[in-house]
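Remember, it's a predicted structure, so these values are computed and weren't measured experimentally. Only this structure's heavy atoms are used, side chains among them; waters, hydrogens and symmetry mates stay out.
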Amino acid sequence: MKKKLLAMLLATAMVCSLTACGGDSAGNTNVGTTDDGAADDGATDNNVAADDGAAGNDTAADNGDSAGSATTGSSLLTGTLKLGVIGPLTGGAALYGNAVDNGASIAVDEINALSGDFTIELNAQDDEHDAEKSVNAYNNLKDWNAQAIIGCVTTTPCVAVASEAYADRMFMLTPSASATSVTEGNDNVFQLCFSDPNQGSASAQYISDNGLAQKVAIIYNNSDAYSTGIYQTFQNAADSLGMDVVSVTTFTDDTANDFSVQLTEAQNAGADLVFLPIYYTPASLIMQQAASMSYDVTFFGVDGMDGILSLEGFDTSLAEGVMLLTPFSADATDDMTVSFVNKYQSGNGEVPSQFAADGYDCAYAIYAALSYYADKNGGYNVDGVSYQDLCEILISVFSDPSFSVDGITGESMTWTAAGEVNKAPKAVVIENGVYVGL
């Protein structure tokens, strides 16, 4: 009960600190749901989400109801949009990429079921969480004549691809690459996720405001832009708040197999909370090794830790009481979330993570933006439109303060011209092996 109470206080602070302005407007668009199978690696053998998918997922037509309302989209929007996805479908970060692909496929199937006048073809490319391979994936999508891209899923590959896409004038909406370097100087790149500064500074504020720790340790990946960015803003906020940070240790992708030194330092320094601005794979090892050392400590993570409960072979009891910042809670009771979760579980056999919800909202946000433009201009057909022309249209809509989207990761989401999303965060705590919304 003590952990529950602290977590509830944490969630309240989150909403107060990061709630974005942006109420209903003429551009407010609700979103809905769908799913297709795993992505293809080839640029020509496409993962077309117009199919119901081998996974056997329900579409909006099957259910007779979409998670979104009838106000979604526009009858004036026509043609077929070629939409790419870039993310890790294999390798250590594959849970993220496959979740985004599956979530986006759910949205695309529903959109395709709404009307025969407008459809989306989806093509997901694997970057293995590698910058060079991500650029190759981007080039594959260009060869396929992609008109816009959902991605990249992880930060370092997204920074590399964003540079290429900026020069080419290809629109990108990243579901989860949160570093400011993703959007800085790139007017064609927008984020559906919170930026690193928000996550880092807010986390420090919550820990301080709610008395979650007397002494704090930090373990971060200094070879990863995502982890480093969040650490830096957390540390700056912690210093200004007078928090007692007693240990700061690092690792790299090449050394992410043994955390005994980092944990021993934190334990010897008396840290009763360890802040982990890292991805779920190293976090799982840290929790395992802490347990083997009998180090009973609270772990506080951010959105990169989402997915840890789906990690094969991980003992979820080790994550009991872990708190993390996330824009999505799978146990929410609103109609959109319930519909999405049911479809995702039916097609994939697991509860969707935040990354699946991000992928879903990305597809719907792009659809909503094109529908918004069609309504404003007496109709729009995307057939044969160059990605350069479509990029300028999408930039203009996403930068329009009257355009907003209601999704499962946020209500009345709006975007700044700098690419940052405005929406209220949510928090979850892990209890009995599941995420519990607060």
Side-chain angles (χ1 to χ4, degrees), residues 3 7 10-11 87-103 129 153-155 175-178 193-194 199 203 217-221 224 226-227 230-231 251 253 256-259 262-263 266 273-293 295-331 341 344-345 348-359 409 425-438:
K3 285 184 177 179
L10 174 67
L89 305 178
T90 59
L95 283 178
Y96 297 138
N98 284 300
V100 168
D101 180 33
N102 291 335
H129 183 46
V153 171
T154 52
T155 291
S176 46
S178 53
C193 56
F194 296 118
Q199 294 197 67
S203 296
I218 305 168
I219 303 175
Y220 75 97
N221 183 345
D224 179 69
Y226 165 82
S227 184
I230 297 178
Y231 156 68
F251 65 95
D253 291 335
N257 53 6
D258 184 0
F259 296 93
Q262 293 91 331
L263 287 168
L273 182 146
V274 177
F275 179 59
L276 299 176
I278 59 178
Y279 294 131
Y280 60 83
T281 301
S284 69
L285 294 176
I286 288 171
M287 292 174 195
Q288 291 171 11
Q289 292 179 8
S292 69
M293 295 167 53
Y295 183 20
D296 185 14
V297 67
T298 298
F299 291 106
F300 189 104
V302 286
D303 60 2
M305 201 183 294
D306 198 355
I308 195 169
L309 297 181
S310 301
L311 185 61
E312 185 176 356
F314 177 66
D315 180 0
T316 57
S317 68
L318 299 176
E320 187 73 8
V322 169
M323 302 175 194
L324 59 141
L325 179 71
T326 174
F328 173 73
S329 176
D331 69 343
V341 170
Y344 197 94
Q345 286 182 299
N348 300 284
E350 63 184 19
V351 175
S353 68
Q354 164 214 316
F355 295 88
D358 285 338
T409 68
K426 301 173 185 177
V428 296
V429 60
I430 296 175
E431 292 183 347
N432 299 317
V434 296
Y435 298 112
V436 178
L438 302 167

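- T154 approaches P88 most closely through the heavy-atom pair CG2-CG, 4.4 Å.
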Passes side-chain contact (heavy atoms from CB on, under 4.5 Å), H129 versus V153? Steps please. CA-CA 8 Å; H129 183 46; V153 171; over 6 Å; no
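- Put simply, the side chain of D303 does not reach to within 4.5 Å of the side chain of S176, judged on heavy atoms.
- Side chain of D224 to backbone of Y226: a donor-acceptor contact under 3.5 angstrom is found.
- The two residues S353 and A99 have their closest heavy-atom pair at OG-CB, 3.8 Å.
- A pairwise comparison of heavy atoms in F194 and P327 identifies CE1-CB, 4.0 Å as the closest pair.
- Contact detail for N257 and Q289: the closest heavy-atom pair is O-NE2, 3.6 Å.
- By the 4.5 Å heavy-atom criterion applied to side chains, I308 and Y435 are counted as neighbours.
- Residues I219 and F251 are in side-chain contact: their nearest non-hydrogen atoms beyond the backbone lie under 4.5 Å apart.
- The backbone N or O of V302 lies less than 3.5 Å from no partner atom in the side chain of Q199, so there is not a single donor-acceptor pair.
- A heavy-atom distance below 4.5 Å is found between the side chains of E320 and E431.
- Within 6.0 Å of atom CG in N432, 12 or fewer heavy atoms from other residues, nucleotides or ligands are found, so the atom counts as exposed in its surroundings.
- Minimum heavy-atom separation, L263 to A290: CD1-N, 3.6 Å.
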Identify each donor-acceptor pair in which a side-chain atom of residues 273-287 lies under 3.5 Å from a protein atom, sequence neighbours left out, and give them as a table.
from	atom 1	to	atom 2	distance (Å)
Y280	OH	G92	O	3.4
Y280	OH	L95	N	3.1
T281	OG1	G92	O	3.2
S284	OG	T281	O	2.6

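- In this structure, I218 and Y231 have side chains that are in contact, with non-hydrogen atoms separated by less than 4.5 Å.
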Evaluate the side-chain contact (heavy atoms from CB on, under 4.5 Å) criterion for residues L309 and I430: first the C-alpha distance (whole Å), next the side-chain angles of each, then the deciding distance (0.1 Å), finally the verdict. CA-CA 9 Å; L309 297 181; I430 296 175; 4.0 Å; yes
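- Closest of all the heavy-atom pairs between Q288 and F314 is NE2-CD1, 3.6 Å.
- Using modelled atom types, no side-chain atom of D101 and backbone atom of G97 make a donor-acceptor pair closer than 3.5 Å.
- Residues P352 and N102 are not in side-chain contact: their nearest non-hydrogen atoms beyond the backbone lie 4.5 Å or more apart.
- The structure places SG of C193 at 8.5 Å from CZ of F355, a figure rounded to the nearest 0.5 Å.
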